[in-house]
Amino acid sequence: MKWVYIEDVSQHNGQEVEIRGWVYNKRSSGKVRFLLVRDGTGIIQGTVFHQDKDFPLFKIFDELTQESSVIVRGKVREDHRAPGGYELEISDIEVIQIARDYPITPKEHSVPFLMEHRHLWLRSQKQHAVLQVRAETVRAIRDFFDGRGFRLMDTPILTPSACEGTTTLFETQYFDQKAYLSQSGQLYNEATAAAFGKVYCFGPTFRAEKSKTRRHLIEFWMVEPEVAFATLEDIIELGQDLIMFILERVLERRKKDLEILERDTAPLEKITKPFPRLTYDQAVKQLVEHGSRMAYGDDFGAPEETILSRIYDRPVCVTHFPAKIKAFYMQPDPERPDLALGVDFMASEGYGEIIGGGQRIHDLELLEKRIKEFNLPLEAYEWYVDLRRYGTFPHSGFGLGLERTVAWLCKLPHIRETIPFPRLLYRIYP
RNA sequence: UCCUCGGUAGCUCAAUCGGCAGAGCGGGUGGCUGUUAACCACUAGGUUGCAGGUUCGAGUCCUGCCCGAGGAGCCA
């Protein structure tokens with residue numbers, strides 16, 4: 001008998017097939033039994049009918065518990081009464097294991113309990129849907145950059161120095177010296193951009209920030225393109241195109257998952273280019289008008305990001321931040337050197353920043369001056385400064401946070417469900 | 001790190017003024033021929049986070065600690 005995945009059963013209507021999976025739930029009503037089986041690709045309802053209540057299949061059925069592993073054989077039949085539209089008329093159930101006392105029942109559970117059982121929680125429908133959206137977003141990102149001639153350059157995770165300051169770095173031992181887990185691939189990207197023109201890296205990054213909010217993970221994934229000779233304007237265009245590409249792809253291919261999550265897709269479907277553009281000055285003015293108490297020169301806090309993204313029905317680009325609140329490598333605005341040529345993209349519906357980037361300093365002397373001003377160890381940055389010694393080039397790039405993007409697409413209240421095993425402040429288990 | 005809230009059955013929660021620790025789900029047993037988080041009946045299940053204290057008596061009040069959630073700062 002042919003082993004078939006549930007997502008493909010519609011192609012086997014009327015045929016005898018074998019489904020290998022786990023018991024999702026079961027219901028019984030005297031002489032009819034319903035078995036919900038999931039196999040990772042979907043859930044199908046199987047039925048067993050018999051006049052005799054001592055029918056042997058009933059005995060096996062009655063033994064089954066939630067998440068028991070089984071091989072179920074039977075005939076596929078289209079039936080509108082079944083969840084999923086197709087049903088399996090069960091002729092045989094082969095039990096691999098009866099699962100005893102599966103902790104996650106089909107009722108409500110608290111977040112701490114589910115987080116403690118994250119390894120099992122992944123099996124439930126909504127978590128499954130979120131991670132499908134994540135996987136699709138990853139595919140979309142790769143397709144977007146690969147399709148535009150970008151070269152994937154994997155940057156190191158173990159690094160000898162800080163990218164943007166040492167306070168939020170994870171320190172580890174590298175034989176007889178210290179190393180740090182990468183917070184960003186950007187500096188290395190700038191080197192590969194000089195070798196390949198346009199590049200991107202996409203991998204995990206680590207920040208030892210003691211932040212405990214709905215939008216922070218200790219370990220998160222970031223895609224970072226870097227383009228030689230590109231200006232701030234060029235990468236704003238690139239960022240918009242990337243967001244539109246992801247949006248269209250997920251809406252096209254993962255509609256069902258968004259339905260399972262009860263995500264109203266109308267606000268996402270309305271989004272078009274170009275996104276509204278604001279300078280930092282304009283943004284501050286708008287924020288104050290909408291009730292923010294921030295002062296000029298402050299960076300945006302969570303409330304500011306939220307207010308801003310609620311004013312507009314699409315993502316918003318904010319540019320020209322005060323240089324003081326941005327990283328050391330940010331190119332100053334030639335007309336107003338106190339401003340940095342940086343850009344942040346705020347997702348709509350209150351989700352806040354999903355992209356941060358800008359144009360990098362390409363002038364040798366200016367970069368050296370900034371490294372000193374930020375009290376960074378110059379010797380650790382020698383290789384980085386070399387990029388300004390040997391054919392320096394204006395260049396720009398950004399980082400897009402994968403989990404924040406997925407949280408926005410799925411409209412989740414917290415970022416922790418967008419990665420299979422979130423690393424959070426005070427939580428590294430499982 | 002700071003602020004706020006919380007910890008009672010396997011899970012989600014209740015317990016009035018300090019006075020017999022309880023319900024639903026899940027488990028078990030039985031019933032039901034189309035169930036949709038099925039339903040109905042019965043049943044087992046407790047170191048009330050930990051350590052002290054006050055009291056005739058503490059889940060409830062006090063002190064300390066542990067754990068968790070929400071928020072702030074910082075950031076993608």
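This is a predicted model, so every value here is computed, not measured. In what follows, chains carry the letters A, B, and so on, assigned in the order in which the sequence lines appear, proteins first and then strands, with residues in each chain numbered from 1.
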Does either side chain, that of H395(A) or that of Q359(A), offer a donor lying less than 3.5 Å from an acceptor on the other one?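 Checked: H395(A)/Q359(A) side chains show no N/O donor-acceptor pair below 3.5 Å.
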
Does a donor on one side chain and an acceptor on the other come within less than 3.5 Å for T272(A) and R314(A)?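 A pair is found: one side chain offers a donor N or O, the other an acceptor, under 3.5 Å apart.
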
Please pick, from [options], the nucleotide with the shortest atom-to-atom distance to any side-chain atom of [X].
X: R27(A); options: U35(B), U12(B), G34(B); value: U35(B)
X: Q45(A); options: U1(B), G70(B), U35(B); value: U35(B)
X: F34(A); options: A72(B), C11(B), U35(B); value: U35(B)
X: F113(A); options: A76(B), C11(B), U35(B); value: C11(B)

When we call it a touch if two heavy atoms are under 4.0 Å apart, what does [X] touch: a base, just sugar-phosphate, or nothing?
X: I104(A); result: nothing
X: P112(A); result: sugar-phosphate
X: T205(A); result: nothing
X: E403(A); result: nothing

OP1 or OP2 of G71(B) versus the side-chain N and O atoms of K212(A): is any pair under 4.0 Å?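 For G71(B), OP1/OP2 do not have a side-chain N/O of K212(A) under 4.0 Å.
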
Counting only side-chain N and O atoms of R416(A), is one of them less than 4.0 Å from OP1 or OP2 of G70(B)?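 Yes, because at least one side-chain N or O of R416(A) sits under 4.0 Å from OP1 or OP2 of G70(B).
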
Any ion pair linking E16(A) and R73(A) (charged N to carboxylate O, less than 4.0 Å)?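 E16(A) and R73(A): not salt-bridged.
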
Rounded to the nearest angstrom, tell me the gap between atom [atom1] in [X] and atom [atom2] in [N].
X: H109(A); N: G24(B); atom1: NE2; atom2: P; answer: 18 Å
X: I43(A); N: U35(B); atom1: CD1; atom2: C1'; answer: 15 Å
X: D298(A); N: C75(B); atom1: CG; atom2: P; answer: 12 Å

Given RNA chain B, 5'-ward residue of the pair F49(A) and R100(A), judged by closest heavy atom: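 Result of the comparison: R100(A).
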
Specify the residue among E63(A) and R404(A) whose closest nucleotide of RNA chain B lies further upstream toward the 5′ end.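 Its nucleotide being nearer the 5' end, the pick is E63(A).
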
So E224(A) and S184(A), side chain to side chain donor-acceptor pair (under 3.5 Å) or not? Walk me through it. CA-CA 8 Å; E224(A) 295 175 277; S184(A) 162; 2.7 Å; yes

